[in-house]
Visitor: 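The structure under discussion is supplied below as structure tokens; questions concerning it will follow.
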Amino acid sequence: MPEISAETIYKSGFVAIVGRTNVGKSTLLNQMIGQKVTIMSDKPQTTRHKIQAVLTGDGWQVVFLDTPGIHRPKHKLGEHMVKLALGTLREVDLVMLLVEAAPPGPGDRYILEQIKDLPGPVLLVINKIDLVQKNELLKIIDVFQKACRFAEIVPVSALTGENVRLLSELITRYLPPGPQYYPDDMVVDRPERFIISEIIREKVLHLTSQEVPHSVAVVVEQVAERPNELLAVSATIYVERDSQKGILIGKNGGMLKQVGQMAREEIESLLGSRLFLELWVKVKKDWRNREQEMKNFGLLDD
């Protein structure tokens, strides 16, 4: 049997992106993939699912797992999100810890405790370097180096894209030999209904006040093809209180119309077809503490 050179060995692996809430995990992932694959918001705890995004290059493939932010949970949904994030750490070939360009706080130190004994390599990615001076950044790197042993430390700006290409190159160095898991043109492992529901939820997060966002779940009830390449989508937005329903609908239905318009425009751009979007708002009291409701909304496995 002829010898296989190192250059011909295909490399692939799974990389978990972990960190506190609102440190820019989804923004970084979208930047690395080169298109939007997860929703973004300035509200913490935006990501609720473990989303697999795929980046394929010449002779390699990375499957990123964007996990919910690790935080102190206040309800059963929060407990599930944190359990999901921590459980991912031992399932992957490489862990990428994302932190802000600031000295580690209590949340960062808690995550450092969880990763310090992992068998695989851990990359520290320091985000938002566009907001600090270089001398401050060097001090921050020094503090993290003393707190934990990292395979690499990479300062980046997910917002501007600085050092993101370098980060991708470093990740491929740590990939083990393996198969190509997904086709070349695949970038996310979630079905169409999931993507639609997440875009609608993103618009709610963007437009509503602090009283509404984390009480929102979106269920796509129906996706049907109609003549002239029109896609008809019906979705229900669930909240926990009547007051939240009032805020989300808005005066004369204005807020809901704005959510629908913004979501429709982005979904049409993503799917490449015209969309008729029908939105409803319903109340499910305290659903974030009720496991059956979370299962119904697709947030927990059966």
Visitor: Are W280 and Y238 grouped together when hydrophobic residues (ILVMFWY) are joined by side-chain heavy atoms under 4.5 angstrom apart?
Guide: no
Visitor: Provide the closest heavy-atom pair for D108 versus P103 in the form atom of the first, atom of the second, distance.
Guide: OD2-O, 4.4 Å
Visitor: Are W287 and V239 packed together at the side-chain level, in the sense that at least one heavy-atom pair is separated by less than 4.5 angstrom?
Guide: no
Visitor: Under the side chain to side chain contact (heavy atoms under 4.5 Å, CB included) test against L28, which residue among L159, L98, N127 passes?
Guide: L98
Visitor: When rounded to the nearest 0.5 angstrom, what is the spacing between OG1 in T208 and NZ in K203?
Guide: 12.5 Å
Visitor: Using modelled atom types only, decide if a donor and an acceptor are shared between the side chain of S12 and the backbone of Q180 within a distance under 3.5 Å.
Guide: no
Visitor: E221 vs S234, test: side-chain hydrogen bond (donor to acceptor under 3.5 Å, both in side chains). Steps then yes/no.
Guide: CA-CA 6 Å; E221 311 286 0; S234 176; over 6 Å; no
Visitor: Run the numbers on L175 and D93 for side chain to side chain contact (heavy atoms under 4.5 Å, CB included), then give the verdict.
Guide: CA-CA 7 Å; L175 295 179; D93 301 290; 5.7 Å; no
Visitor: Should the heavy atoms of other residues, nucleotides or ligands under 6.0 Å from CG of N252 be counted, would the total exceed 12?
Guide: no
Visitor: In this structure, are over 12 heavy atoms from other groups packed under 6.0 Å from K285 atom NZ?
Guide: yes
Visitor: In the structure I gave you, are the side-chain heavy atoms of L123 and L167 within less than 4.5 Å of one another anywhere?
Guide: yes
Visitor: Considering all heavy atoms of both residues, which atom of A101 and which atom of I126 are nearest to each other, and what is their separation?
Guide: CA-CG2, 3.6 Å
Visitor: As an exercise, state the distance from CG of D130 to NZ of K128, rounded to the nearest 0.5 Å.
Guide: 9.0 Å
Visitor: Decide whether V18 and L118 are clustered together by the hydrophobic rule: side chain heavy atoms of Ile, Leu, Val, Met, Phe, Trp, Tyr closer than 4.5 Å, transitively.
Guide: yes
Visitor: Check for me, please, whether L279 and L230 land in the same ILVMFWY cluster - side-chain distances under 4.5 Å, paths through other members count.
Guide: no
Visitor: Check for a donor-acceptor pair, side chain of Y10 on one end and backbone N or O of G59 on the other, with a separation under 3.5 Å.
Guide: no
Visitor: Are F276 and V220 linked, directly or through other ILVMFWY residues, by side chains that come within less than 4.5 angstrom of each other?
Guide: no
Visitor: Decide yes or no for Q222 and E278: does some side-chain heavy atom of the first lie under 4.5 Å from some side-chain heavy atom of the second?
Guide: no
Visitor: Between Q31 and A158, what is the shortest heavy-atom contact and its length?
Guide: NE2-O, 2.8 Å
Visitor: Under 3.5 Å, side chain of E136 to main-chain N/O of Q133, donor-acceptor pair present?
Guide: no
Visitor: Distance check, rounded to the nearest 0.5 Å: L166 atom CG versus I171 atom CD1?
Guide: 10.0 Å
Visitor: So how far is it from T56 OG1 to Y182 OH, rounded to the nearest 0.5 Å?
Guide: 10.5 Å
Visitor: Begin from the C-alpha positions of K116 and L112 and carry the test side chain to side chain contact (heavy atoms under 4.5 Å, CB included) through to its verdict.
Guide: CA-CA 6 Å; K116 67 178 184 180; L112 288 169; over 6 Å; no
Visitor: Ignoring hydrogens and angles, tell me if any N or O in the side chain of N30 forms a donor-acceptor pair with the backbone of T27 under 3.5 Å.
Guide: no
Visitor: So do K11 and T172 actually touch side chain to side chain, heavy atoms under 4.5 Å?
Guide: no
Visitor: Once rounded to the nearest 0.5 Å, what's the spacing between atom CG of L94 and atom CZ of R173?
Guide: 13.0 Å
Visitor: Quick one: do V143 and I141 end up in the same hydrophobic cluster if we chain Ile, Leu, Val, Met, Phe, Trp and Tyr together by side-chain heavy atoms under 4.5 Å apart?
Guide: no
Visitor: V283 versus E240: any side-chain heavy-atom pair under 4.5 Å?
Guide: no
Visitor: Begin from the C-alpha positions of L248 and V204 and carry the test side chain to side chain contact (heavy atoms under 4.5 Å, CB included) through to its verdict.
Guide: CA-CA 8 Å; L248 188 49; V204 174; 3.9 Å; yes
Visitor: Should the pair E113-R109 be classified as a salt bridge under the 4.0 Å nitrogen-to-oxygen rule?
Guide: no
Visitor: Write down the atom of I111, the atom of G19, and the distance for their closest heavy-atom approach.
Guide: CD1-C, 3.6 Å
Visitor: How long is the span from the CZ atom in R149 to the CG atom in D117, to the nearest 0.5 Å?
Guide: 11.5 Å
Visitor: In the structure I gave you, are the side-chain heavy atoms of E169 and R165 within less than 4.5 Å of one another anywhere?
Guide: yes
Visitor: Determine whether F150 and I115 make a side-chain contact, defined as any pair of heavy atoms from C-beta on separated by less than 4.5 Å.
Guide: yes
Visitor: Side-chain contact test, heavy atoms from C-beta onward, threshold under 4.5 Å: evaluate it for V122 versus C148 and give yes or no.
Guide: no
Visitor: Can you name the closest pair of heavy atoms from L277 and G260 and give their distance?
Guide: CD2-O, 3.6 Å
Visitor: Checking I267 against L231 for the side chain to side chain contact (heavy atoms under 4.5 Å, CB included) test, could you report, in this order, the C-alpha distance in whole Å, the side-chain angles of both residues, the deciding distance, and whether it holds?
Guide: CA-CA 10 Å; I267 295 166; L231 199 63; 5.8 Å; no
Visitor: Can you give me the closest heavy-atom contact between V216 and R201, atom names plus distance?
Guide: O-CD, 3.9 Å
Visitor: Determine, step by step, whether R264 and E268 satisfy the salt bridge (Lys or Arg N to Asp or Glu O under 4.0 Å) criterion, reporting the C-alpha distance in whole Å, the side-chain angles of both residues, the deciding distance to 0.1 Å, and the verdict.
Guide: CA-CA 6 Å; R264 178 180 55 77; E268 283 182 337; 3.4 Å; yes
